[in-house]
Amino acid sequence: ILSSNNAQNGGGAQYAVLEACTLSANTSSLFGGAAHLCDLHACEVRDNHGNAGGGIMQCSASNCWLTGNLAMMGGGANQSRLRECYLASNIAFTGGGCFTGELVGCELRWNRANQHGGGAYAALVQDCLFNGNIASTNGGGAWRGSVTDGEFTRNTAGLCGGGIYQVTALDCRFTANDARYGGGSYESTVFRATFASNSALNGGGDFMSTIYQSHFLCNTAAYDGGAS
């Protein structure tokens, strides 16, 4: 257990290999509240605080839980490679769940960004679930970056793109997401998607995206464009 430690970089650990560890309540003034430049496997990373990467920064993580971490950029993770990880209830100014980096087979739930990217900010994403993430402005689920085989459910943006904002998306599903403009997607490039039961003031399913070979079902707009 690594708890309540403090450093400029890597509040809990730096340049370490960690397996089946708990990193909690650590702080850093710069990079990686819990860990910086580490390899983590089957670790619990919770309630840490850093400027960039509340949980981890520039790390590789697999089968880890990152919950309740806080940062300016990347509440859970920043510039990290994550595989089959669970990111929940992390908070940041941008990138509530993660800021850039790569995610494969992860779940991002109930993360929050005070600006853009409630779940992910400019990340490369494959086979991930985004559920209940919130962005105060744009991209409740994801902001920019790319997503392949993603599931976006009940994400919310205060302004644009409840599910995604300016993302390249392939083989994704958007269900019950909400925003003022583009409940499912906003200004994105989307291939082979399904938009179902999304809602917005304008563009219930989508607003101003380029969309190919996709289906729109039961989306709702209060004013203009129920589907798109």
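- Atom CZ of R112 sits in a sparse spot, with 12 or fewer heavy atoms from other residues, nucleotides or ligands closer than 6.0 Å.
- S28 places no side-chain N or O within 3.5 Å of a backbone atom of G11 that could act as its donor or acceptor partner.
- Formation of a donor-acceptor pair under 3.5 Å by the N133 side chain with backbone atoms of G140 is not found in this model.
- Here the shortest heavy-atom pairing between G74 and N78 reads N-ND2, 4.5 Å.
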Tell me, with the steps shown, if L108 and N90 meet side-chain contact (heavy atoms from CB on, under 4.5 Å).
CA-CA 9 Å; L108 298 92; N90 302 287; over 6 Å; no
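- Considering all non-hydrogen atoms of both residues, N51 and A71 come closest at O-CB, 3.7 Å.
- E44 contributes atom CD, which lies 9.5 Å from atom CD1 of I1 (distance to the nearest 0.5 angstrom).
- The backbone N or O of C59 sits less than 3.5 Å from a side-chain atom of S80, completing a donor-acceptor pair.
- Pairing each heavy atom of C98 with each of A123, the nearest pair is SG-CB, 4.1 Å.
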Dump the intermediate steps for side chain to side chain donor-acceptor pair (under 3.5 Å) on S185 and D206, then the final yes or no.
CA-CA 5 Å; S185 62; D206 167 75; 2.6 Å; yes
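- Between T94 and W143, the closest side-chain pair of non-hydrogen atoms is not below 4.5 Å.
- Judged purely by atom type and a 3.5 angstrom limit, N9 has no side-chain atom pairing as donor or acceptor with the backbone of L30.
- Between S29 atom OG and Q8 atom CD the span is 4.5 Å, to the nearest 0.5 Å.
- A side-chain hydrogen bond (donor to acceptor under 3.5 Å, both in side chains) with R173 is found for one member of D149, T194, T153 and no other, namely D149.
- Ring geometry for H36 against Y15 counts as tilted: the plane angle lies between 30° and 60°, on a 0 to 90° scale.
- Between the side chain of N69 and the main chain of G75, no donor-acceptor pair closer than 3.5 Å is present.
- By the criterion of side-chain heavy atoms lying less than 4.5 angstrom apart, applied directly or through intervening Ile, Leu, Val, Met, Phe, Trp or Tyr residues, I211 is not grouped with Y181; the two fall into different hydrophobic clusters.
- Between A88 and N111 the shortest heavy-atom distance is C-OD1, 3.5 Å.
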Mind running side chain to side chain donor-acceptor pair (under 3.5 Å) on T27 and H49 for me, showing each step along the way?
CA-CA 5 Å; T27 61; H49 180 202; over 6 Å; no
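- With hydrogens and angles disregarded, no donor-acceptor distance shorter than 3.5 Å links the side chain of N177 to the backbone of N198.
- In this structure, the side chains of V104 and C128 stay at 4.5 Å or more apart for every pair of heavy atoms.
- Here the OG atom belonging to S188 is positioned 7.0 Å from the CD atom belonging to Q166, to the nearest 0.5 angstrom.
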Steps toward side-chain contact (heavy atoms from CB on, under 4.5 Å) verdict (L40, V45):
CA-CA 10 Å; L40 301 92; V45 181; 4.1 Å; yes
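- The nearest pair of heavy atoms linking C43 to A20 is SG-N, 3.8 Å.
- Atom CZ in R109 sits 5.5 Å away from atom OH in Y86 (nearest 0.5 Å).
- What you find for N26 and S4 is that their closest heavy atoms are OD1-N, 3.3 Å.
- No side-chain donor from either of S24 and D47 sits under 3.5 Å from a side-chain acceptor of the other.
- Here the straight-line distance linking atom CG of L23 with atom OG of S3 works out to 9.0 Å at 0.5 Å rounding.
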Does H116 form a side chain to side chain donor-acceptor pair (under 3.5 Å) with T137? I'd like the steps, not just the answer.
CA-CA 6 Å; H116 305 314; T137 52; 2.9 Å; yes
Could you walk me through whether V190 and C172 pass the side-chain contact (heavy atoms from CB on, under 4.5 Å) check?
CA-CA 8 Å; V190 181; C172 293; 6.0 Å; no
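- Residues F99 and L103 fall into different hydrophobic clusters, defined by Ile, Leu, Val, Met, Phe, Trp and Tyr side chains chained together at heavy-atom separations under 4.5 Å.
- The SG atom of C160 sits 4.5 Å away from atom CG of N138, with the distance rounded to the nearest 0.5 Å.
- If you chain together hydrophobic residues whose side chains sit under 4.5 Å apart, F130 and W110 never meet in one group.
- C64 places a side-chain heavy atom less than 4.5 Å from the side chain of L66.
- Proximity of L82 to L87: side-chain heavy atoms (C-beta onward) are separated by under 4.5 Å at one or more points.
- Contact annotation: the side chain of T22 approaches that of R46 to within less than 4.5 Å [non-hydrogen atoms, C-beta and beyond].
- With hydrogens and angles ignored, the 3.5 Å screen pairs no side-chain donor or acceptor of D39 with any backbone N or O of L18.
- Considering F207, Y186, F152, Y121 in turn, Y186 is the only one that fulfils the ring pair (Phe, Tyr, Trp, His ring centres under 6.0 Å) rule with Y165.
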